Amino acid sequence: MTAHFVAAYKAFAANGASGAPPWLKEIRERAIARFAEVGFPTTRLEQWRFTNVQPISETPFELQRVNWQLDRFPAGVTVSTLGSAVVTAPDFLRAHLGRYAAVETSPFTALATAFLADGIVIRVAAGAVVTEPIRVGCRIPHASRPMTHPRLLIVVERGAQAKIVEAYEGDAPGISLTNSVTEVVLEAGAQLDLCREQREGARSNHVAASHFHQDGDSRLVFTTVALGAGLVRHDIHAVLDGSGAHLILNGLSMLRGQQHVDHHTTIDHAKPHCESHEYFNGVFDGESHGVFNGRIIVRPGAQRTDSKQTNNNLLLSRSARADSQPQLEIYADDVKCTHGSTVGPLDPAALFYLRSRGLGAEEARGLLTYGFGAEVLDRIAVPGARERLDGEIRARLGVPEMARSAA
Amino acid sequence: MTPPLLEIKDLHASVEGNEILKGVDLTVRAGEVHAIMGPNGSGKSTLAQLLAGHPAYTVTSGSVRFDGKDLFDLDPEERAREGLFLAFQYPVAIRGITNSYFLRSAVNAIRKHRGLPELDPLDFLQVLEDKLKAIGWDDSFMNRAVNEGFSGGEKKRNEILQLAVLEPRLAVLDETDSGLDIDALKTVAEAVNALRSKDRAFIVVTHYQRLLNYIVPDFVHVLAEGRIVRSGGKELALTLEEKGYAGTGVGA
């Protein structure tokens with residue numbers, strides 16, 4: 001069914017998108033050529049072994065405009081639509097757009113880039129310190145079989161600081177495809193707290209690619225929280241491209257029913273003296289399935305790399321399943337790399353410990369499950385985001401207010 | 001004479017088909033401190049964990065009454081709410097849950113059972129501060145996840161803090177001295193001594209006499225091969241220390 005998507009592209013290129021500048025048209029053309037060449041991935045490919053996208057490939061989705069939800073933005077930051085940035089900041093855009101999310105990394109990135117039109121560009125000027133969070137929301141449009149390709153470009157310039165939330169939501173019962181690409185650049189000494197929230201319906205398909213490029217002494221704390229969709233596939237690529245860059249990658253998935261989530265993360269230590277810490281926790285109930293693939297590359301010469309990866313998966317039912325695969329590729333000798341993963345039910349020793357203190361069995365189970373999520377949420381540094389997600393997870397598990405003001 | 005708080009009669013228990021306890025008899029009254037000593041594998045920890053309701057142990061015969069109730073009719077959480085507390089030999093780490101939240105949840109579960117209103121965070125904080133002060137500790141690990149990354153000594157302290165906050169009627173200390181250096185041992189013992197009262201009983205399970213220099217028991221029992229083979233006053237512990245378990249004709 002690659003043909004349906006290529007035909008949709010042709011219609012798109014001939015109509016609404018025809019006013020784009022030549023350089024953008026060229027990016028799209030290259031992308032659709034790539035997509036047409038490789039087509040949708042099959043489970044025969046190692047990278048897609050656990051995630052079957054055949055239902056996506058066989059659905060005649062209809063291209064829709066992205067339903068962006070933007071709040072008022074704080075001072076010190078420029079937020080514009082891609083359409084207006086093409087006119088006002090073409091050189092800036094050309095320098096960054098599509099430079100990090102190469103179309104070769106995934107057929108879905110190629111597809112999203114072919115339809116590149118709907119986007120938000122956030123630029124934090126050099127030295128600016130923006131403490132108020134910037135929130136960009138994206139809702140699945142109410143339409144039949146909608147397909148959207150939301151694009152985000154975030155550039156935090158030299159020494160600047162910002163906090164951003166990107167949220168993908170939708171409760172429509174019908175089938176949909178959200179195919180998002182986010183490119184993030186942190187120039188030297190920049191700091192960004194980025195929080196990604198995703199909560200969609202049982203028949204939603206959510207495919208995402210997050211590409212991070214970090215220069216020296218920059219610091220990125222990224223937290224992604226997947227609270228359910230029929231299918232979620234999220235590829236995260238981070239390149240630590242300057243000495244002293246620091247990355248914290250947090251992930252939490254909480255799934256039930258027949259939901260599926262697949263996180264593929266790649267952390268590329270391209271330069272020496274960089275640090276990356278990755279913590280992914282998954283909680284799977286019902287017949288849900290979680291996949292985690294964590295690849296860490298330490299390039300030749302990237303000495304004194306300090307990299308730590310953990311992936312813990314909690315199975316709340318006998319039919320739930322989790323697959324965890326670390327992948328370390330180390331080409332330098334003076335490095336510290338550790339990884340660990342667990343898959344299993346709630347620890348009976350922990351359950352007994354809580355019950356021996358007077359907590360009922362159900363309450364104990366809820367608290368232990370909540371703790372699995374809270375551990376990840378506690379690292380969110382975006383004001384308001386942690387509290388909101390914490391409340392959401394507590395409500396789901398029936399765990400009363402944490403009231404952290406105590407002690 | 002007051003009726004016993006705990007009455008164990010001819011208790012037999014097994015784990016995975018192996019009989020560990022082979023007829024234990026023990027009576028504990030409010031206000032008393034009983035030490036249970038014995039060589040490795042004698043069944044000391046089995047007895048402690050079984051009293052708290054650990055699911056790994058199967059009671060094959062005998063009875064245990066706690067405050068007149070059949071203990072085996074009660075789930076672990078019901079035992080805790082009735083006032084039984086086990087200080088674990090190996091306290092479990094709980095990721096993502098702070099010590100203060102955990103303690104408040106436990107206190108409120110027990111208060112609810114006793115028909116008392118739940119404590120809000122501020123009331124709880126007050127209770128906690130009083131307890132911390134009473135046992136001479138600060139609140140430095142209240143906002144850390146329960147036992148997560150705690151040293152051996154911190155874990156044992158945390159058990160005693162829970163004991164102080166939950167105010168049980170019977171506290172069973174399972175090898176609370178293991179892994180403690182002498183300073184930590186003294187601190188823990190002082191905290192326990194501060195919690196001794198005429199309404200509260202303790203069962204102190206230990207391999208070594210050392211702890212009993214600091215928590216002086218009223219009674220000492222020697223458990224060997226699943227039975228209490230000798231009982232006496234605090235001087236029995238000293239005899240054991242001098243002559244060893246073999247020297248007293250026990251567990252040789």
Side-chain angles (χ1 to χ4, degrees), chain A residues 223 225 250 252 254 279-283 310-314 340 342 344-380 386 389-390 393-394 397-407, chain B residues 49 51-56 75-88 90-113 118-125 128-129 132 139-143 145-148 162 165-166 168 172:
Chain A
T223 307
V225 181
N250 295 309
L252 173 64
M254 262 193 179
Y279 311 89
F280 267 72
N281 281 6
V283 177
T310 63
N311 172 231
N312 296 309
N313 298 286
L314 182 56
T342 60
L346 286 171
D347 176 12
L351 267 177
F352 174 60
Y353 189 62
L354 293 187
R355 293 180 74 187
S356 80
R357 297 302 182 246
L359 276 71
E362 273 311 301
E363 200 184 343
R365 271 190 281 271
L367 198 58
L368 287 177
T369 307
Y370 166 78
F372 233 80
E375 184 179 58
V376 171
L377 299 185
D378 280 349
R379 293 194 202 90
I380 298 178
R386 196 198 66 77
L389 288 161
D390 186 74
I393 286 165
R394 258 194 282 107
L397 299 170
V399 173
E401 181 65 43
M402 195 76 179
R404 310 177 64 82
S405 52
Chain B
Q49 295 190 68
L51 289 176
H54 195 290
D75 284 334
E77 58 269 33
E78 292 170 323
R79 298 179 195 193
R81 294 169 192 167
E82 291 289 336
L84 193 151
F85 179 89
L86 171 67
F88 281 54
Y90 303 108
V92 183
I94 311 287
R95 58 171 19 125
I97 302 297
T98 63
N99 233 352
S100 65
Y101 185 78
F102 167 56
L103 267 174
R104 187 159 68 86
S105 302
V107 167
N108 281 334
I110 289 168
R111 285 179 68 91
K112 206 168 150 190
H113 177 73
E118 294 193 2
L119 292 180
D120 70 26
L122 283 177
D123 293 340
F124 171 70
L125 192 59
L128 187 63
E129 274 175 6
L132 284 165
D139 60 0
S140 57
F141 44 99
M142 293 316 293
N143 274 333
V146 181
N147 296 327
E148 183 94 16
Q162 291 170 41
V165 172
L166 299 180
V172 182

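In what follows, chains carry the letters A, B, and so on, assigned in the order in which the sequence lines appear, proteins first and then strands, with residues in each chain numbered from 1. Note that this is a predicted model, so its numbers are computed, not measured.
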Review point. Which heavy-atom pair separates B/Glu77 from A/Gly360 by the least distance, and what is that distance?
Key: OE2-CA, 3.8 Å

Practice item. Specify the closest pair of heavy atoms between A/Tyr353 and B/Ile94, including all atoms of both residues, with the distance to one decimal. Key: CD2-CD1, 4.3 Å

Practice item. Check B/Gly96 against A/Ala374 and note the closest heavy-atom contact, atom names and distance. Key: O-CB, 3.5 Å

**Study point:** Interface residue of largest heavy-atom contact number with chain B, from A/Asn281, A/Val376, A/Leu354, under 4.5 Å
**Key:** A/Leu354

Practice item. Measure B/Ala145 against the heavy atoms of chain A and call it side chain, backbone, both or neither at under 4.5 Å. Key: neither

Exercise for review: Tell me, for B/Arg95 versus chain A, whether the close heavy atoms (under 4.5 Å) come from the side chain, the backbone, both or neither.
Suggested key: both

Check your understanding: For the residue pair A/Leu367 and B/Ser105, what are the closest heavy atoms and their distance?
Key -> CD2-OG, 4.5 Å

Review point. Of the backbone (N, CA, C, O) and the side chain (C-beta and beyond), which part of A/Ala361 lies under 4.5 Å from a heavy atom of chain B, both, or neither?
Key: both

Check your understanding: In terms of heavy-atom proximity below 4.5 Å to chain A, should B/Pro168 be classed as side chain, backbone, both, or neither?
Key -> neither

Check your understanding: What part of B/Asn99 lies closer than 4.5 angstrom to a heavy atom of chain A: side chain, backbone, both or neither?
Key -> neither

Review point. Is the closest side-chain heavy-atom distance between B/Tyr101 and A/Tyr370 below 4.5 Å?
Key: no

Revision key, fill the gap. Of all heavy-atom pairs linking B/Ala80 and A/Arg355, the shortest is CB-O, 4.1 Å

Practice item. Tell me, for B/Val146 versus chain A, whether the close heavy atoms (under 4.5 Å) come from the side chain, the backbone, both or neither. Key: side chain

Check your understanding: If every non-hydrogen atom of A/Phe352 is compared with every non-hydrogen atom of B/Ala52, which pair is closest and at what distance?
Key -> CE1-O, 3.6 Å

